[in-house]
Structures are given as C-alpha cells and as structure tokens.
Amino acid sequence: MRKVLGYALPHVPAISLQFIIKFGGTVIELLLPSMLSIILDDIAPSGDMNRVYLWGALMVLCAAAAAVTNIAANVMATRISRDITEKLRHDLFVKTAYLSCRQADKFTIPSLNSRLTADTYNIHQMLDRMQRMGIRAPIQLIGGVFIAMLLDPALTMILVATLPVLAAIIWFISKKGVPAYDSVQQALDKMVRKVQENMTGVRVIKALSRTEYEKQKFEEINRLKYEREKRAGIIMAVSNPSLNLILNCGLAVVIIVGAYRVNGGMTQPGKIVAFLSYFTMILTSLIMVSRLFVLYTKGVASARRIEEVLSAGEEMEVIPGEREETDNHIEFRSVSFSYNKKIENLSDVSFSLKRGETLGIIGPMGSGKSTVLNLLLRFYDADKGEIRISGEDVRSIPPGELRGKFGVVFQNDFLFADTIRENINFGRGLSDDAILRAAEQAQADFIADKEESFDTLLAVGGANLSGGQKQRLLIARALAARPEILLLDDCSSALDYKTDAGLRRALSREFGDTTAVIIAQRVSSVMGADKIMVLEDGRVAGYGTHEELLETCSGYREIFEIQMGRRG
C-alpha cells in the first residue's frame with residue numbers, strides 16, 4: 001500500500017490546492033443553514049423585507065460559490081487520480097514485462113491481467129472518491145457537529161451519543177471488508193484464466209463438442225466469484241441501512257426534544273430548522289464515509305495485489321564473470337534444471353557448438369527440449385552447471401545484449417493484430433529490403449498473393465492465416481535481423497516437406513555463419529544438422545551425427561525407421 005500511495009507524492013501540490021478549494025466550498029455550505037436561522041429568528045420577525053432580500057441574495061451567492069468551488073475541486077480530483085493511475089498502470093505493465101518467467105509463473109498470467117485492469121481501476125476509484133468525498137465528508141461532519149453545538153448544545157448531545165455506535169459499525173465493516181474483497185479478486189483471477197483459455201482454445205472446444213463441459217466449468221468459477229462477491233456485498237451493505245437507522249432515530253429524538261424546547265421557550269424555531277439541516281448534513285456525510293469505506297476496502301485489497309508485483313525482486317541479476325578463451329560458440333556444461341524444484345526437467349545436459357554449426361534436438365513430448373532454449377535465453381537460471389556463449393556465462397551478459405544475439409521462433413508463438421510488415425519488423429526499424437529478404441528465406445511466398453501484400457492486416461493471433469503460413473511469418477521475423485544465434489522450436493510442424501526442405505536449404509545458404517538450435521519432431525528436419533541430441537526424460541539419450549546415432553542410439557533409430565519407413 002505504501003508503494004502505491006507513493007505515486008501520489010508528485011501530485012501533493014495539486015492535491016493541496018484541490019483540498020483548499022474543496023475546504024472553502026464546504027465551509028461556505030456549512031454557513032447556509034446558520035444564515036437561514038438568522039433570517040427566520042432575527043430578521044423576519046422585524047418585518048424588514050429589504051434585509052430579508054439582502055440575506056436571501058447573500059445565501060444565493062454563497063450557494064453559487066459552493067457549487068463552483070466543488071465543481072472545480074472535482075475536476076481537479078478527476079485529473080489527479082487519472083494521472084496517478086496512468087503512471088501506476090504504466091509502471092505495473094513495465095514491471096510485468098520484466099518479471100522473470102519464474103515470477104510470471106508464480107503470479108499467473110490471468111492474475112497479472114486482472115491486476116493491470118480491475119485492480120488499477122479500483123485504485124483509480126479510491127483516489128478519485130477520496131479526494132472528492134474524503135475531504136468534504138469529514139469537514140461537513142466535524143463542522144456540522146461544531147456549529148450544531150453552538151446552536152443548541154443540548155440537542156447536539158443526542159447527535160454525539162450516536163457517533164461511537166456509528167464508528168464501531170464502520171470499523172467492523174472495514175475489518176471484514178478488506179479480506180472479503182481480496183478473495184473476490186482472487187476469484188476474478190480464476191475467471192479471467194478460464195475465459196482466456198476458452199477464447200484461445202475455442203476451436204478445439206467446438207471440434208471436440210466440449211462446449212457444455214466448458215460451460216459447466218465456467219459456471220463453477222462464476223458461482224465461486226458470485227458467492228464471494230455476495231459475501232463481500234452483504235458485509236458492505238450493512239453500512240448504509242445501519243447508519244441510516246441510527247441517524248434517523250437520532251433525528252426523530254432531536255425533533256421531539258426540539259419541539260419541547262421551542263414550546264418551553266428554551267430555543268427558537270429557526271435554530272431548530274438550522275439544526276435539522278446540520279443533522280441532515282451530518283447524515284449525508286456519514287453515508288459518504290460509509291461509501292468511502294467500500295471503495296477503500298476494494299482499493300486496499302487491490303493495492304496489496306499491485307504492490308506484490310511492484311515489490312517483486314530482480315531475480316535475473318547480472319552476475320560478473322570472466323570470459324574464457326574458447327572456439328565454442330555455445331556450451332552447456334553439466335546443466336540441470338527443475339521448474340518446481342522437485343522433479344528435474346533437465347539432468348546433467350552437456351554439449352558444445354562452434355560458430356555456424358547446427359544442433360538438432362529431438363525427443364518425445366516433455367523430454368526437456370524447449371527447456372534447453374529457455375535456459376539459453378536465460379528465461380530461467382540453471383540450478384546446476386554453466387551455460388556459456390562465446391566463452392561468457394549467460395548470467396554475466398545484460399539481458400538486452402544477450403537476447404539481441406538471438407532470433408527465436410517458439411513452439412506456441414504469437415502474431416499480433418497488425419500488418420504482415422509490422423509482424424516481421426516487430427518495432428526493430430528494419431528496412432523493407434531486410435523484411436522482403438526474410439520473407440523469401442522463410443518461404444513465405446503466399447504474401448505476394450495477398451491483395452495488400454505486406455500491408456495485409458492480420459487478425460489477433462494470425463487467425464486469418466493457415467498454420468503453415470503463420471509458422472513461415474514467425475520464421476521470417478526471426479531471420480529478419482540476421483541473428484547471431486537462431487533458435488527454432490518445432491516451428492516447421494505445419495510445413496509440407498517441400499517447403500520444409502526449401503527452408504533448410506535457405507538457412508544453409510544464407511545463414512552459414514549463424515549458429516542454430518533446431519527442435520523438431522521430424523527426423524528429416526534435423527538429420528542434416530552438424531550435431532543431433534536425443535533427449536529422454538530430461539537426460540541425453542544420444543549425441544552425435546545422424547549416422548552415428550543410427551548406430552549408437554536405439555531411440556533415435558526407432559524414430560527414424562517409423563518416420564522414414566526404412567533403415568539407414
């Protein structure tokens with residue numbers, strides 16, 4: 001909460017000015033009932049209508065001044081809360097973008113989405129209303145009680161007697177409300193995740209006729225959120241009726257006691273009218289305070305969730321290390337790694353590649369193939385062993401410099417709702433010649449058949465392209481900047497054999513100096529590689545050339561015979 005509130009510090013001068021304007025407008029409002037009391041008790045009985053008109057005009061001017069100052073203060077509050085939320089959301093997005101993969105796994109992507117959207121909205125609402133009602137309500141409350149006491153101390157004691165009960169109710173509601181709304185936001189995370197999964201996998205759901213099943217799963221999560229929202233709503237709903245009941249009872253007692261006091265000549269009717277006006281102000285102020293506590297509880301719960309992300313430490317720190325003189329471009333030295341720190345996903349993996357060499361990685365699903373790339377890119381740090389590029393430990397290379405060496409196509413990569421040109425360029429300022437050349441090398445000849453060619457607008461995720469077309473665009477993106485190291489993670493699975501062969505020829509011809517790591521399910525995609533590594537259950541089951549593995553690795557030989565239909 002403290003870190004989130006720190007975003008308000010640069011706006012303290014503007015908040016202070018807004019406070020002064022709001023304070024002035026509220027004080028003017030507080031004067032109106034007293035002015036009415038003077039007119040009723042002092043001026044009207046004298047029959048001097050000129051003075052009545054004069055004081056009436058003064059009340060109108062005060063009412064207009066109060067309206068103008070409150071509007072100006074509200075406009076300022078809106079602008080200040082907007083600017084604070086904009087900066088907070090920006091920093092939260094940047095922090096999210098720089099979270100390590102392990103941290104992102106811990107928070108989960110749906111939760112990060114809801115923190116960036118729903119939680120920042122709750123913060124905005126809290127800041128906005130705190131500046132509007134958070135200043136006006138306490139001033140009206142304290143000022144109303146003070147002036148009411150000056151008007152009639154005896155009647156004020158009735159009002160004062162209700163305040164401890166009201167304070168106890170508000171304290172109870174705030175104590176129960178914050179955990180309740182925290183649980184609501186957690187349920188929202190689950191709902192966002194389920195919606196995200198269904199939107200991404202809508203074709204699979206329809207193809208397998210699992211719509212009703214998914215509707216049932218969504219209903220369970222929706223019901224969970226409903227129950228938690230209901231519980232939080234019930235807690236917060238207690239505030240208004242309770243406050244109204246106590247204050248209205250107090251108002252009824254004030255009217256009865258006031259009538260006796262007027263009848264006994266102990267006070268005047270104008271004072272009773274003014275006192276009732278102040279009592280109504282106080283009632284309205286307390287209702288505002290109760291609403292503020294609803295917003296406050298939501299805002300505090302959201303601020304805690306946002307602060308968890310903003311306070312997340314830097315896990316991928318650059319660790320100084322000495323560079324070794326070596327002919328190897330990429331080296332894995334006895335590398336072991338586990339995502340959950342219980343079961344190893346890679347165990348004692350070692351290999352080395354000289355500049356320009358290609359490593360093909362093949363193996364069954366879940367054998368750790370993609371994990372090799374994740375460690376090479378330093379999305380995660382290895383638990384044991386070393387990973388070096390040109391003799392430098394990857395942990396000693398700044399992230400921007402490290403990842404600038406790579407061109408990458410991941411297994412489940414993404415295309416954005418933008419033109420084909422921008423999806424290849426990806427904000428890197430590449431020339432049109434470089435983009436065109438990369439598309440040719442990636443065998444993306446289908447672009448020329450599009451009516452708008454490279455300016456064709458893609459749907460989100462490239463939904464208006466076939467699987468093979470998407471993969472070729474992704475490969476073009478990886479090739480466009482002519483990377484030092486090329487990582488291809490099962491990115492040719494949707495390509496026909498002719499296109500796949502053309503791609504491999506283009507890579508061999510145009511990227512002879514580029515070190516490549518290719519993950520594939522097809523033996524044909526890796527059999528021409530300088531080295532092939534076979535992974536099984538995170539361990540190296542075979543390492544060597546195609547011919548060597550056919551002789552020494554039964555697993556590789558079995559895959560080759562199944563796919564190629566013949567023996568080497």
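Because the structure is a prediction, the values reported are computed rather than measured.
Checked for salt-bridge contact, K87 and D91 meet the test: a charged N lies under 4.0 Å from a carboxylate O. No salt bridge links R437 with E440; every basic N to acidic carboxylate O contact stays at or beyond 4.0 Å. Using a 4.0 Å cut-off between a side-chain N of Lys or Arg and a carboxylate O of Asp or Glu, R304 and E308 do not qualify as a salt bridge. Contact check on R539 versus D537 returns no salt bridge, with no Lys/Arg side-chain nitrogen under 4.0 Å from an Asp/Glu carboxylate oxygen.
Looking at heavy atoms from C-beta onward, Q521 lies out of side-chain contact with I362 at the 4.5 angstrom threshold. Side chains of L507 and L486 form a contact here, defined as non-hydrogen atoms less than 4.5 Å apart. Taking 4.5 Å as the limit, every side-chain heavy atom of F337 sits out of range of all side-chain heavy atoms of K384. At least one side-chain heavy atom of L310 sits less than 4.5 Å from a side-chain heavy atom of L92. Counting only heavy atoms from C-beta outward, the side chains of Y380 and R102 approach each other to under 4.5 Å. Inter-residue side-chain proximity for L465 and K450 is flagged as met; some heavy-atom pair is nearer than 4.5 Å.
For R231, the CZ atom counts as loosely surrounded, since its 6.0 Å shell holds 12 or fewer non-hydrogen atoms of other residues, nucleotides or ligands. The 12-atom threshold is not exceeded at CD of E86, counting heavy atoms of other residues, nucleotides or ligands nearer than 6.0 Å. Counting heavy-atom neighbours within 6.0 Å of D449 CG, excluding the residue itself, gives a total above 12. Within 6.0 Å of CD on E558 lie no more than 12 heavy atoms contributed by other residues, nucleotides or ligands. Atom CD of E227 has more than 12 neighbouring heavy atoms from other residues, nucleotides or ligands inside a 6.0 Å radius. Atom CZ of R333 sits in a crowded spot, with more than 12 heavy atoms from other residues, nucleotides or ligands closer than 6.0 Å. Atom NZ of K498 has 12 or fewer heavy atoms from other residues, nucleotides or ligands within 6.0 Å. In this structure, K225 places its NZ atom where more than 12 heavy-atom neighbours from other residues, nucleotides or ligands lie under 6.0 Å away.
With sequence neighbours excluded, no residue forms a side chain to side chain donor-acceptor pair (under 3.5 Å) with N113.
A side-chain donor from one of S370 and D489 sits under 3.5 Å from a side-chain acceptor of the other. With no hydrogens or angles considered, a side-chain donor-acceptor pair links S111 and R115 at under 3.5 Å. Residues R305 and S114 bring a donor and an acceptor atom of their side chains to less than 3.5 Å of each other. Residues E422 and T419 bring no donor and acceptor atom of their side chains to less than 3.5 Å of each other. Under the 3.5 Å distance criterion, with hydrogens and angles disregarded, no donor-acceptor pair is assigned to the side chains of D83 and Y7. Inspection of the Y543 and S350 side chains reveals no N or O donor paired with an N or O acceptor under 3.5 Å. Between the side chains of Y339 and N374, a donor-acceptor pair is found at a separation under 3.5 Å.
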| salt bridge (Lys or Arg N to Asp or Glu O under 4.0 Å) assessment of K194 paired with E214 | CA-CA 9 Å; K194 176 52 68 176; E214 288 299 322; 3.4 Å; yes

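The heavy-atom pair separating M533 from V372 by the smallest distance is CE-CG2, 4.5 Å. Residues P320 and S396 approach most closely at C-CB, 4.3 Å, considering heavy atoms.
Partner F332 forms a side chain to side chain contact (heavy atoms under 4.5 Å, CB included) with one of L359, D348, I387 and no other, that one being I387. Partner L488 forms a side chain to side chain contact (heavy atoms under 4.5 Å, CB included) with one of I519, V409, L373, V408 and no other, that one being V409.
Annotation: salt bridge (charged side-chain N to carboxylate O under 4.0 Å, His left out) contacts involving residues 354-372, sequence neighbours excluded, comprise R355-E484.
Using cut-offs of 30° and 60° on the angle between ring planes, the pair F416 and F426 is tilted.
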